[in-house]
Every structure is written in structure tokens, then in C-alpha cells.
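This report concerns only the one structure given below.
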Amino acid sequence: MHTKTNLKALTPQQVVSFVHDAGLPSFRARQLLHWIYEKCAHSIGEITEFSLALRKRLSVQSYLSNLTLLKRQTSEDGTEKFLFALEDGESIESVLIPDKNRLTLCISSQVGCGMGCLFCLTGTLGFKRNLKAYEIVDQGIAVSRIITPKRITHIVFMGMGEPLLNFDEVVDSLCRMTDLMKISKRRITLSTAGIVPRILELGGAGGSVRRTGPPPRMRAPRVNLAISLNAPTDKVRDMLMPINKTYPLKSLIDACRRFPLEPRRRITFEYVMLNGINDSAADAKRLIILLKGIPSKVNLIPFNPYHGCGFRRPLDETVLRFQQILLDAHMTALIRKSKGQDILAACGQLKAGYA
Ligand code: SAH
Ligand code: SF4
């Protein structure tokens, strides 16, 4: 066990205190944060801006933790999947998706997921534990380091886990990404299955949301919001996503309407298309009515099958018909080509080596 302080486990404010307590001038904190979050240093020894003596002195009482890369797989379409081990031996996956001049990293917020959505492989793992803010951010740091000189341009919280059930650590990680890694909040998207009170809190409705436990540690940056909607009626959504019984569609859509959006920003609605379940023309029409008045864009994701799952992907023509109905109603609707299917890196296929 480490008795030293893991500098990555500290918030920026705590790094300032650490530097102060160590009797160092305060600019050392800025340098440390720069080397950790922008230069992606693996160890204090790599911080060559510090004299050897200073590096040695800091190494006596502190260290930098790192994710351990266990496996890196590359798909035919260029998508890459990274399997990382955490310090306690648990593992998580992150997926890097190149698209034209974008390089999007899809990151995990929990080990496993307890939400039990029927169509999702991550859901079959159940919930193992929440990630710490630094374990979330470290996915970005580790992958940046691996792909240098290429740079991650976008981050999506669409890997393993339900980010809004790990609210404080996720908000802390968002602050570090925007303030320290210098990734614009407009290029970060958080996806949720619909934890209504936390959506309101994320939107800054703070005071009006009752919260159990301690008050939030910090204020969330206004990142993009995505909702895993997947069905236009409570009947079907109850069946697919158990969370809908706690927060049914009306409360979810109300929260979306209240979510503050900057000009020209929209809420993304993800809709996994399941053959014969939610893919009819009538479903498309219900979806139009449901989302009426919300600045939105709909991402249609044809179901990515995995072993042991009873659902099937609709025919391409069914997906196209569904999209056309939305387009005819002047909605923005994209069919998300599933990337990385051959390496189980597509939406809902992350399992991190758990048998
Ligand atoms: N828990 C959060 C973040 C994970 S995002 C959430 O659910 O929003 C994972 C996305 O992949 C979700 O939009 C989900 O609807 C989608 N998904 C899950 N399983 C899938 C599958 N088998 N095929 C296609 N998309 C899937
Ligand atoms: Fe969890 Fe999201 Fe998968 Fe549902 S879709 S089981 S919330 S990761």
C-alpha cells in the first residue's frame, strides 16, 4: 500500500494546499497541474521542469497513479478499444473513435452498471463500484499519452456506467477536463439513462433539487447533455430500462425542457433501435410529439447484438423509414453507424474482460 499522497487524487485546490504545506512557492502547484493534466506525466521523475533535487524531494511524500493498459485493440474501421486496470485490480474500457478531423474518446464513469437496461451488455455486469474523478480523467490522460502527437478533440461519457449516479466524482472530473486539460465544455457530452433529479442539478437547478447526503463539492461546467431515451412510451421504456419506473417519461422530458441550453445548443436523444420493439412508424410519430419544442437531435443507433441477448437489429429499411418520418417533421435525426463492432467497442458492448 502507498502511504504517499497520490497527487492525481487531489483536487486542484488540494494540490495548492499540498504545495503550500510542503513549503514550496505557489507557482509549483501550477506547474504540477500543467505536467499532470496537459503534459500527461507518468511520474514525478518525468517533470523535467523541476530540478532533480525537487523531484526527489516530492517523490518522498507523493506520487502519480496511472491506469495500467492491459489491452489495446484496433477495429477495421479505425476505432480503438483500451482495457485498463485500476489500482484495486478492477478494469474498465475506453473507446477512441476517429471521425474526419475529430477524435472522440468515450469514457467510463463506473465499473459495471447497476441500471439493468435489457439491451446493454455493460448492464449484465451489474454495478461494481464508482470511479474516482482521477480514474475518469486518467482515461483521457492515458490515451492522450498513447496517441501523442495526435490529440483527443471530444469526450463523451458513454462508456461503462451511469455518470449521474456518480455525480460528485463526475462533476469533479468535468472540472478537471475543462479547467486543467483545456477541453472545451462544448466538446464534452454526458449521457444519462435519465436520473431526473441529477439532470436538474447538472443544469444548475441546485437549490430546488432535494439531495440526500452532503452538498455538492463543486459546480458542474455546462457540458452537452445526451439522454438514452430508447422508447417513446412508458410501457416500452419500463420494459427496456427499469429506471423508467422511478423516473417516467413525463418527468424526464420535463427535466429536459427545464435544462438550460446556450444558444444553438441542443439535447441529444439516443434511441437504440430494436426490431419489432420500438421501430415502427407509430413509434416515430410518438417520438415527434414527445420531443416537440425541445431543441434536440436524435441519434438512431441500430442495436448492436451481443451473445446471449434476445433482441435483434431492425432491417436497414426500417431504420431509414423511421429516420425519414422524423426528418419530415423537421427534426434532426442521424443514424449512428456503429463503430468498432468487430472488437465489441460499439455502444452497449463494453464489458472490460469480465466473464
Ligand atoms: N449509462 C449512460 C451512459 C452509457 S451510454 C446511458 O445509458 O446513457 C451507452 C449508450 O449505448 C446508451 O445510449 C445506450 O442506449 C446505448 N446502448 C446500450 N446498449 C446498446 C446496444 N446493445 N446497441 C446499441 N446501443 C446500445
Ligand atoms: Fe447502464 Fe447506460 Fe447500459 Fe443502461 S444503457 S445498463 S444505464 S450503461
Side-chain angles (χ1 to χ4, degrees), residues 79 81 92-95 97 104-131 136 139 155-167 170 173-174 188-196 198-199 202 223-232 236-247 252 255-256 267-275 277-279 287 297-314 319 334-341 344-352 354:
T79 302
K81 186 164 85 166
I92 50 168
E93 286 175 334
S94 319
V95 179
I97 308 148
T104 302
L105 185 67
C106 174
I107 59 173
S108 297
S109 57
Q110 298 180 320
V111 184
C113 181
M115 305 295 282
C117 303
L118 288 193
F119 47 80
C120 176
L121 183 59
T122 307
T124 64
L125 296 174
F127 171 73
K128 297 196 186 286
R129 75 166 170 87
N130 280 327
L131 294 185
I136 300 172
Q139 298 168 62
I155 294 209
V156 295
F157 282 70
M158 295 186 185
M160 300 167 74
E162 170 46 53
L164 294 188
L165 288 184
N166 185 14
F167 194 83
V170 164
S173 74
L174 290 173
I188 301 176
T189 301
L190 183 148
S191 176
T192 176
I195 316 297
V196 167
R198 298 287 88 82
I199 294 174
L202 189 71
V223 297
N224 301 304
L225 178 66
I227 305 284
S228 294
L229 190 65
N230 301 331
V236 177
R237 200 165 190 270
D238 277 350
M239 186 266 288
L240 296 176
M241 304 179 73
I243 188 66
N244 195 64
K245 293 182 195 133
T246 312
Y247 304 114
L252 177 58
C256 292
I267 298 180
T268 302
F269 291 91
E270 295 153 285
Y271 195 100
V272 179
M273 298 201 66
L274 304 163
N275 184 48
I277 307 277
N278 62 2
D279 61 348
L287 189 57
K297 89 182 149 208
V298 176
N299 276 346
L300 301 171
I301 318 170
F303 174 64
N304 296 311
Y306 54 89
H307 187 72
C309 181
F311 296 113
R312 279 184 301 132
R313 164 190 291 243
V319 177
L334 303 165
I335 299 174
R336 267 243 300 262
K337 279 176 285 165
S338 287
K339 297 217 158 193
Q341 276 193 71
L344 280 184
C347 299
Q349 293 186 318
L350 301 188
K351 203 174 171 187
Y354 289 97

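Whatever order the structure lists ligands and atoms in, that order sets their numbers, starting from 1. All residue numbers in this chain count up from 1 along the given sequence.
- I243 and G194 get closest at one heavy-atom pair: CG1-O, 4.1 Å.
- Distance alone, capped at 3.5 Å, places no donor-acceptor pair between the N304 side chain and the Q341 backbone.
- Of the protein's heavy atoms, M158 O, 3.7 Å lies nearest to atom 9 (C) of ligand 1.
- K81 contributes no side-chain N or O that, together with a main-chain N or O of E93, makes up a donor-acceptor pair within less than 3.5 Å.
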Determine all donor-acceptor pairs shorter than 3.5 Å in which one atom belongs to a side chain in residues 109-122; sequence neighbours excluded.
| unit_1 | atom_1 | unit_2 | atom_2 | d |
| --- | --- | --- | --- | --- |
| Q110 | OE1 | E162 | N | 2.9 |
| Q110 | NE2 | N130 | OD1 | 2.9 |
| T122 | OG1 | L350 | O | 2.7 |

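- Under the 4.0 angstrom criterion, atom 2 (Fe) of ligand 2 counts as lacking any protein heavy-atom contact.
- When hydrogens are left out, the protein atom nearest atom 22 (N) of ligand 1 is F119 O, 2.8 Å; that is the closest non-hydrogen contact.
- Between K337 atom NZ and T79 atom OG1 the span is 10.0 Å, to the nearest 0.5 Å.
- Neither the backbone nor the side chain of L121 comes within 4.0 Å of ligand 1, counting heavy atoms alone.
- Among all non-hydrogen protein atoms, the one lying nearest atom 19 (N) of ligand 1 is G348 CA, 3.1 Å.
- Taking all heavy atoms of I195, I243, N299, V272 into account, the minimum distance to atom 16 (C) of ligand 1 is reached by V272.
- Between the side chain of R237 and the backbone N or O of L229 there is at least one donor-acceptor pair closer than 3.5 Å.
- With S228, S109, P305, C309 as candidates, the residue nearest to atom 14 (C) of ligand 1 on a non-hydrogen basis is S228.
- Taking every heavy atom of G159 and a limit of under 4.0 angstrom, the matching atoms of ligand 1 come to 4 (C).
- Between the CG atom in L300 and the CZ atom in R336 there is a gap of 10.0 Å [rounded to 0.5 Å].
- Every atom of ligand 1 with a heavy atom of F303 under 4.0 Å away is listed here by number and element: 21 (C), 22 (N), 23 (N).
- With ligand atoms numbered from 1 in the order given, ligand 1 contributes 15 (O) to contacts under 4.0 Å with heavy atoms of N230.
- Taking CG of N166 as the reference point, atom CZ of F127 lies at 7.5 Å (rounded to 0.5 Å).
- Note that the CD atom of Q139 and the CD1 atom of I107 stand 5.0 Å from one another [nearest 0.5 Å].
- Among all non-hydrogen protein atoms, the one lying nearest atom 23 (N) of ligand 1 is N304 N, 2.9 Å.
- Within the 4.5 Å cutoff, the side chain of L252 has no heavy atoms near those of the Y247 side chain.
- Using modelled atom types, no side-chain atom of S228 and backbone atom of A193 make a donor-acceptor pair closer than 3.5 Å.
- Residue-environment remark: CZ (R129) exceeds the threshold of 12 foreign heavy atoms within 6.0 Å.
- Judged by distance alone, with hydrogens and angles left aside, the side-chain atoms of N278 form a donor-acceptor pair with the main-chain N or O of N230 at under 3.5 Å.
- N224 contributes a side-chain N or O that, together with a main-chain N or O of I188, makes up a donor-acceptor pair within less than 3.5 Å.
- Residue-ligand proximity, E162 to ligand 1, at heavy-atom distances under 4.0 Å covers atoms 1 (N), 2 (C).
- For atom 10 (C) of ligand 1, the closest non-hydrogen atom on the protein side is E270 OE2, 4.1 Å.
- Looking at G161, A193, C113 and measuring to atom 1 (N) of ligand 1, the nearest heavy atom belongs to G161.
- Below the 2.8 Å limit, atom 3 (Fe) of ligand 2 has as protein N, O or S neighbours C120 SG.
- Here the straight-line distance linking atom CD1 of I267 with atom CD1 of I199 works out to 8.0 Å at 0.5 Å rounding.
- With ligand atoms numbered from 1 in the order given, ligand 1 contributes 6 (C), 8 (O) to contacts under 4.0 Å with heavy atoms of T192.
- Neither the backbone nor the side chain of F311 comes within 4.0 Å of ligand 1, counting heavy atoms alone.
- Ranking protein heavy atoms by distance to atom 11 (O) of ligand 1, first place goes to C347 CB, 3.4 Å.
- Close approach of ligand 1 to F157 (heavy-atom distance below 4.0 Å) involves ligand atoms 3 (C).
- Listed by number with element, the atoms of ligand 1 under 4.0 angstrom from any heavy atom of I301 are 24 (C), 25 (N).
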